[in-house]
Amino acid sequence: MLFADIIMPKGDYLGEFEQFVLVALLRLGDDAYGVTIRREIERRTKRPTSAGSVYATLDRLQSHGMVSSRVGEATPQRGGKAKTYFRIEAAGKRALKQSRQAANAMWNGFEPTAGIGAKS
């Protein structure tokens, strides 16, 4: 496969954090809402993550049709507020797959040296 075969249309490139959010949505399934998404990213990347950055990214991904949302039931534990649940859509899955292929193309043939690589 040539790198040119996996290039996304202009504006559809995913940044690292967008990829993290989309993978979190895949992992969480029906339980994906802001807090669980943030926790999943922090747990797996060992990086602090703000709720604001999660919601801003979800809004951006939703505006590109990569993510959709639904409002759940209001609960007393949340002061009568409802949670907004998110899910990855086909466009998000495609963009995530293309991003992974692009990264793999960059790493292809690279021999880990100087402590850089899969096992470092």
Side-chain angles (χ1 to χ4, degrees):
M1 172 185 297
L2 298 174
F3 185 72
D5 294 335
I6 59 175
I7 295 176
M8 291 178 269
K10 185 177 180 179
D12 286 344
Y13 297 105
L14 294 176
E16 180 184 54
F17 195 73
E18 291 170 322
Q19 292 177 50
F20 290 167
V21 169
L22 290 173
V23 173
L25 292 176
L26 287 172
R27 290 183 176 279
L28 293 167
D30 292 338
D31 294 326
Y33 65 97
V35 172
T36 60
I37 295 165
R38 190 185 104 251
R39 285 182 187 154
E40 183 71 10
I41 293 168
E42 286 183 337
R43 184 173 73 80
R44 292 191 174 271
T45 66
K46 309 291 189 240
R47 296 180 186 177
T49 302
S50 73
S53 63
V54 170
Y55 285 110
T57 300
L58 287 165
D59 285 344
R60 187 170 54 257
L61 292 169
Q62 192 163 13
S63 74
H64 290 286
M66 296 182 192
V67 168
S68 62
S69 63
R70 67 174 172 80
V71 178
E73 296 294 320
T75 62
Q77 298 88 344
R78 294 177 45 86
K81 292 169 43 178
K83 292 178 186 173
T84 300
Y85 293 91
F86 296 88
R87 65 176 264 173
I88 187 170
E89 295 297 334
K93 289 177 184 178
R94 276 192 307 275
L96 194 55
K97 180 180 178 182
Q98 290 171 332
S99 291
R100 187 167 185 176
Q101 288 173 332
N104 288 342
M106 287 299 297
W107 283 99
N108 188 29
F110 177 73
E111 293 297 325
T113 59
I116 299 172
K119 304 224 180 202
S120 49

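These values consider heavy atoms only, across backbone and side chains, with no hydrogens, waters or symmetry-generated copies. Treat the numbers as computed from the prediction; the structure is a model and nothing was measured.
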Visitor: Has R100 got more than 12 heavy atoms of other residues, nucleotides or ligands less than 6.0 Å from its CZ?
Guide: no
Visitor: Do V67 and F20 belong together in a cluster built from hydrophobic side chains that touch within less than 4.5 Å?
Guide: yes
Visitor: With a 4.5 Å cut-off on side-chain heavy atoms, are R27 and V23 touching?
Guide: yes
Visitor: If you compare all heavy atoms of L22 against all heavy atoms of G92, which two are closest, and at what distance to 0.1 Å?
Guide: CD1-O, 3.9 Å
Visitor: Less than 4.5 Å apart, any side-chain heavy atom of I41 and any of R38?
Guide: no
Visitor: Quick one: closest heavy-atom pair of A82 and G72, and the distance?
Guide: CB-O, 3.1 Å
Visitor: Which heavy atom of Q62 sits nearest to which heavy atom of S69, and what is that distance?
Guide: NE2-OG, 3.0 Å
Visitor: If two hydrophobic side chains count as joined below 4.5 Å and joins carry through other members, does F17 share a cluster with V35?
Guide: no
Visitor: Supply the atom-to-atom distance D31 CG to K83 NZ, rounded to the nearest 0.5 angstrom.
Guide: 8.0 Å
Visitor: Whether the side chain of R70 engages the backbone of Y85 through a donor-acceptor N/O pair (distance < 3.5 Å, no angle test) should be reported.
Guide: no
Visitor: Which heavy atom of S99 sits nearest a heavy atom of L14, and at what distance?
Guide: OG-CB, 3.4 Å
Visitor: Grab the two heavy atoms, one from G65 and one from E89, that are nearest each other, plus how far apart they are.
Guide: O-CB, 3.6 Å
Visitor: Between L58 and T84, is there a side-chain heavy-atom distance shorter than 4.5 Å?
Guide: no
Visitor: For T57 and R60: C-alpha separation, side-chain torsions, deciding distance, then whether side chain to side chain contact (heavy atoms under 4.5 Å, CB included) applies.
Guide: CA-CA 5 Å; T57 300; R60 187 170 54 257; 3.4 Å; yes
Visitor: Look up atom CD in E16 and atom CZ in R47, then write down how far apart they are to the nearest 0.5 Å.
Guide: 4.0 Å
Visitor: I'd like to check L25 versus R87 (side-chain heavy atoms, cut-off strictly below 4.5 Å). Are they in contact?
Guide: no
Visitor: Tell me whether L28 is reachable from Y33 by hopping between hydrophobic residues (I, L, V, M, F, W, Y) whose side-chain heavy atoms are closer than 4.5 Å.
Guide: no
Visitor: Answer yes when R39 and E42 have at least one side-chain N-carboxylate O distance shorter than 4.0 Å, and no when they do not.
Guide: no
Visitor: Which heavy-atom pair separates A74 from G80 by the least distance, and what is that distance?
Guide: CB-O, 3.0 Å
Visitor: OG1/T36 to CZ/F86 distance, rounded to the nearest 0.5 angstrom?
Guide: 10.0 Å
Visitor: Measuring from I88:CD1 to M66:CE, what's the distance to the nearest 0.5 Å?
Guide: 9.0 Å
